[in-house]
Amino acid sequence: MAGRKLQKSFTGEGLVCRRGERLVFQGVAFALAPGGALLLGGPNGSGKTSLLRLMAGLAPPEQGAIAWDGAAIAEDPAAHRARLHYIGHQEAVKLALTAEENLAFWTQMRGASDAIETALRRVRLDARATWPARYLSAGERKRLGLARLLASAAALWLLDEPTTSLDAESTEVLLTAIAEHRHAGGCVAIATHAPLPLPSAQHLSLTGHTTWRQA
Amino acid sequence: MNGFAALLTRDLRLAFRQGGDVANVVAFFALAVILFPFGVGPDPDLLARIAAGVLWVTALLAALLSLERLFDADFQDGSLEALSLMPVPLEIQVLAKCAAHWLTTGLPLTIIAPLLALVLHFDAAGYPALIAALLLGTPVLSLIGAIGAALTLGARRAGVLLSLLVLPLYIPVLIFGVAASEAAALGLESRPHLLLLAALLAGSLALAPWATAAALRQALE
């Protein structure tokens with residue numbers, strides 16, 4: 001597989017995204033090599049979340065193609081889902097379950113289960129593992145969501161505003177986790193307004209010039 | 001199957017922690033049935049004649065009551081989006097959620113129905129058929145209801161829309177469910193009706209998860 005190494009592993013070309021009548025962006029392209037990081041910038045409503053959703057396969061692009069190792073992700077959605085972590089701006093935390101139960105659930109859904117304690121310790125929630133999530137603060141719920149990244153492995157991380165409501169120490173934990181993930185050959189795409197110090201990251205700025213379809 | 005068990009366990013755990021949902025459905029069912037003797041009068045013959053119909057119609061409405069919440073909570077807190085990105089196929093997840101819904105509505109309704117049948121002077125010979133019909137019919141209510149719940153996800157006044165969509169689809173279950181229970185009470189053969197209910201269950205087990213998953217993907221797009 002030596003030849004594969006040179007190939008870009010996660011690519012998108014000529015992407016057009018339409019939400020309803022609104023053309024969110026067009027002509028967007030990206031290419032991420034193993035270990036690569038992509039920072040999505042741009043004003044509110046410029047389509048950062050929409051692009052992450054296209055990358056995750058939650059919605060098909062109006063035009064253009066997204067491919068993993070040269071194979072379109074739409075060809076085998078199940079394989080694509082198995083290789084990605086998508087953390088949206090909602091934490092997907094159930095308030096009636098404890099922190100540990102929440103994390104264990106998402107990890108079991110991905111077919112893993114042993115790294116839960118380690119993941120909780122790394123996001124500094126181990127002392128609150130048995131608390132119902134409704135007693136956690138906004139930042140702690142965010143950390144619980146991010147713990148999913150650490151509890152099971154996936155080659156591609158798609159993070160939507162991961163640093164919102166995180167304190168400095170937790171942001172540092174996240175940056176370390178991203179660095180380890182990239183070192184192991186993983187890719188990461190992050191939509192963010194905060195300037196994240198990621199070494200040799202690519203920047204993709206969405207201009208926010210959206211247009212309405214003429215009736 | 002690991003994902004199926006994980007989701008089923010989570011939904012059951014949530015149902016028991018939040019408690020109220022199961023109790024509400026059962027209480028609604030019991031209260032609505034008990035209203036009938038007040039409404040039509042205490043004549044035992046009349047009550048016995050309408051008993052099967054009353055039990056089934058009320059069970060339909062009670063099941064409908066809890067359907068709105070089936071996907072809505074997961075939709076609101078981002079869990080549904082995350083679930084749709086799990087390696088476990090969405091169809092299997094829908095089956096797990098329907099199983100949890102049946103265990104927390106259909107099964108309690110089936111358990112309490114014989115007690116309420118007593119209030120309505122339902123003929124003793126009809127009980128085994130009534131229970132068998134409810135055991136076969138209530139899972140169909142959960143499965144068909146899931147399609148409606150997924151289609152109305154995110155809509156305003158989803159509850160009303162849901163009833164309009166789902167209640168007409170419940171008619172076959174109602175017809176064969178009542179027919180099975182009444183046939184037995186009248187000393188006739190209830191097996192053909194039960195077999196038809198089983199066929200409805202088999203059909204909706206095979207088809208409803210696909211339709212529901214497709215509707216959920218549409219809602220998430």
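A quick note: this is a predicted structure, and the numbers were derived from the prediction, not measured.
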Closer than 3.5 angstrom, by distance alone: can the side chain of A/Q108 be matched with the main-chain N or O of B/N2 as a donor-acceptor pair?
no
Work out which heavy atom in [X] is nearest to a heavy atom in [Y]; give both atom names and the distance.
X: A/K94; Y: B/L14; result: CD-CD1, 3.6 Å
X: B/E221; Y: A/A59; result: CG-CB, 3.6 Å
X: A/R81; Y: B/P89; result: NH2-CA, 4.2 Å
X: B/A82; Y: A/W106; result: CB-CH2, 3.5 Å
X: B/G78; Y: A/Q90; result: CA-OE1, 3.4 Å

Taking side chain as everything from C-beta outward and backbone as N, CA, C, O, which of these in [X] sits under 4.5 Å from a heavy atom of chain A? Side chain, backbone, both or neither.
X: B/Q18; result: side chain
X: B/L83; result: both
X: B/Q93; result: side chain

Above 12 or not: heavy atoms from other molecules or residues under 6.0 Å from [atom1] of [X]?
X: A/E13; atom1: CD; value: no
X: B/R69; atom1: CZ; value: no
X: A/R19; atom1: CZ; value: no

Part of A/R148 within contact of chain B (heavy atom distance under 4.5 Å):
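The answer is the side chain of A/R148.
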Going by heavy atoms in the side chains, are A/M109 and B/R10 under 4.5 Å from each other?
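No, too far: nothing below the 4.5 Å cut-off.
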Side-chain heavy-atom pair B/L85, A/L58 within 4.5 angstrom cut-off:
yes
